[in-house]
Colleague: 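Following this message is one structure expressed as structure tokens.
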Number of protein chains: 2
Amino acid sequence: MEQRSAVNIANSLEQMIFDGTFADGDRLDEVRLAEQFGVSRTPLREALQRLESSGLVTLIPRRGAFVRQPGPLELLEMFEVMAELEAVCARLAARRMSDDALDELRLANTRCQAASDAQDTDLYYMENEKFHATIYRESGNSFLEQESLKLQKRLRPFRRQQLRLRGRMPQSLTEHEAIVEALTAGDSNAAANALRDHVNVQGERFQSLMAGLKAAAS
Amino acid sequence: MEQRSAVNIANSLEQMIFDGTFADGDRLDEVRLAEQFGVSRTPLREALQRLESSGLVTLIPRRGAFVRQPGPLELLEMFEVMAELEAVCARLAARRMSDDALDELRLANTRCQAASDAQDTDLYYMENEKFHATIYRESGNSFLEQESLKLQKRLRPFRRQQLRLRGRMPQSLTEHEAIVEALTAGDSNAAANALRDHVNVQGERFQSLMAGLKAAAS
DNA sequence: GTCAATTATTTTGTATACAAGATATTAGTT
DNA sequence: AACTAATATCTTGTATACAAAATAATTGAC
């Protein structure tokens, strides 16, 4: 692979937690992971500390490290916060956005369109993330930008699922149009509302998806 | 002190970074800190990984750990986000808040009043934090609550300074009144605006404080 | 005397060793 | 056969040892 420093190991483990290699509550065995990564326990433990600090694992003293996947309730809460964060980004961006940035945003949206036409959900997801990241950046507040990116990353696996739902990509696209329009007009309230709704739709879709799974399980 | 695990060491160092024991760019010497805490380098390094993960230090490979204090610009950005986060809390709380919680909020405000009367800025600060924390909690979104508490903690040292400014405590109190009123009325927009403004005042005060320092230095 | 190059000294990164606590296993009792 | 007690094994937490890189110091050339 690559060089295996604590940061790298942490990133790899993070990825594995995100993509579902580890389920909620799984214990992360230090010796096993250490030899798996080809390092000693020392750098591996440093990685575990990082992961706990970012909320991905729980460290129970003398017991070990346990992965902490967000449950349905926490996910809904995270979606709600994401929606509000993006709304704030949009409101700030509406005032500060340059013409060049607007062009960039339209270009990103065109790429989304192409992905949607090709029925390529993975590509759509990537381009969609760029679209949103552009708005974060154009908020002009880099702290806000970083926080938004962090949460975007954390919600990635769950957002991704929803794009596969029938008709979601075209709907998402029309919502993007409304967002671009509001930003072009410099209407901060409209932009904030459009983006908040856009993200909230995902939260709601997610909710109904969970309800469906729950019903199917009973 | 207490038991010196990685978490504890990280907390102690965090406190020291917050209260200004270390200035921006200071290198954190592993061996020196280790013997200072009475432990070996191993748990201390684990603590440093935690601190980097939470953004308090920068870890440069083969160079060491350097403390990262937010500069004036980043602080302003953080205040802006704090204001928006609290506004969201208020909006959600306005709908969900129970009578008991409202009473609790009024009680917290009464305690602020007492601290203000006694000219006790430290006490006022503590009670003020409780007032705000109650609103975070009453948002009904514990993820949002935790994020708000995290940022509140990080801004603590900088908010604190401003209470010493003449007339800030009484002004803060009247703003609290308006917030309680809006929450009582269940007016989510008014509550959100009142809280956003309340926090933004601190950001602006901070800005003028910085400008004053800068002017004095030239 | 100043600069460059070489050597010496720190300092970081990681492996390993060992102590103490937690879990699993076995033996013994009813 | 089931429950408890004692023992054994495994795992974590931390100290220490050592290699490699970075910094400081020293020497030598001009």
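In the text below, chain A, chain B and the rest are named by the order of the sequence lines, each starting its count at 1.
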Colleague: At a heavy-atom distance below 4.0 Å, what parts of residues 39-48 of chain B sit against DNA chain C?
Modeller: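 Hits under 4.0 Å, by residue number: B:Arg41, B:Arg45.
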
Colleague: Which pairs with one or both residues in residues 62-106 of chain A pass ring pair (Phe, Tyr, Trp, His ring centres under 6.0 Å), sequence neighbours excluded?
Modeller: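 Listed by first then second residue: A:Phe79-A:Phe206.
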
Colleague: To the nearest Å, give me how far apart CG (B:Leu28) and P (C:dG13) are.
Modeller: 13 Å

Colleague: Show me the pairs that pass ring pair (Phe, Tyr, Trp, His ring centres under 6.0 Å) and involve residues 12-36 of chain B, at least two apart or across chains.
Modeller: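 Counting only pairs at least two positions apart or across chains, no ring pair (Phe, Tyr, Trp, His ring centres under 6.0 Å) contact touches residues 12-36 of chain B.
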
Colleague: List the residues meeting ring-ring contact (aromatic ring centres under 6.0 Å, His included) with A:Tyr125, not counting sequence neighbours, and say none if there are none.
Modeller: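 By the ring-ring contact (aromatic ring centres under 6.0 Å, His included) rule, A:Tyr125 matches no residue at all.
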
Colleague: Run the salt bridge (Lys or Arg N to Asp or Glu O under 4.0 Å) test against B:Arg111 and tell me which residues pass, sequence neighbours left out.
Modeller: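 Per chain and number, B:Arg111 pairs via salt bridge (Lys or Arg N to Asp or Glu O under 4.0 Å) with no residue.
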
Colleague: Are the side chain of A:Ser53 and the backbone of A:Gln49 linked by a donor-acceptor contact shorter than 3.5 Å?
Modeller: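 Flag not set: sc A:Ser53 to bb A:Gln49 has no pair under 3.5 Å.
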
Colleague: Could I get the full list of salt bridge (Lys or Arg N to Asp or Glu O under 4.0 Å) partners for A:Glu127, not counting sequence neighbours?
Modeller: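 Applying salt bridge (Lys or Arg N to Asp or Glu O under 4.0 Å) to A:Glu127 gives A:Lys130.
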
Colleague: Using atom types as modelled, flag every donor-acceptor pair under 3.5 Å from a side chain in residues 55-63 of chain A to any protein atom, sequence neighbours excluded.
Modeller:
none

Colleague: Check each residue of residues 57-64 of chain B for a non-hydrogen atom within less than 4.0 Å of any atom in DNA chain D, then write out the ones that pass by number, or none.
Modeller: B:Arg62, B:Arg63

Colleague: Mind checking what makes salt bridge (Lys or Arg N to Asp or Glu O under 4.0 Å) contact with A:Asp103, not counting sequence neighbours?
Modeller: A:Arg106

Colleague: What pairs with B:Arg156 under salt bridge (Lys or Arg N to Asp or Glu O under 4.0 Å), at least two apart in sequence or on another chain?
Modeller: B:Glu129

Colleague: Among residues at least two apart in sequence or on other chains, which ones pass side chain to side chain contact (heavy atoms under 4.5 Å, CB included) with A:Arg166?
Modeller: none

Colleague: For chain B and DNA chain D, what are the first and last nucleotides along the strand, 5' to 3', with at least one atom under 4.0 angstrom from a heavy atom of the protein chain?
Modeller: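 In short, chain B contacts DNA chain D from D:dT14 to D:dT23.
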
Colleague: Need one value for B:Arg32: base, sugar-phosphate or nothing, where a base atom within 4.0 Å counts as base even if backbone is also close, heavy atoms only.
Modeller: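 Result for B:Arg32 = nothing.
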
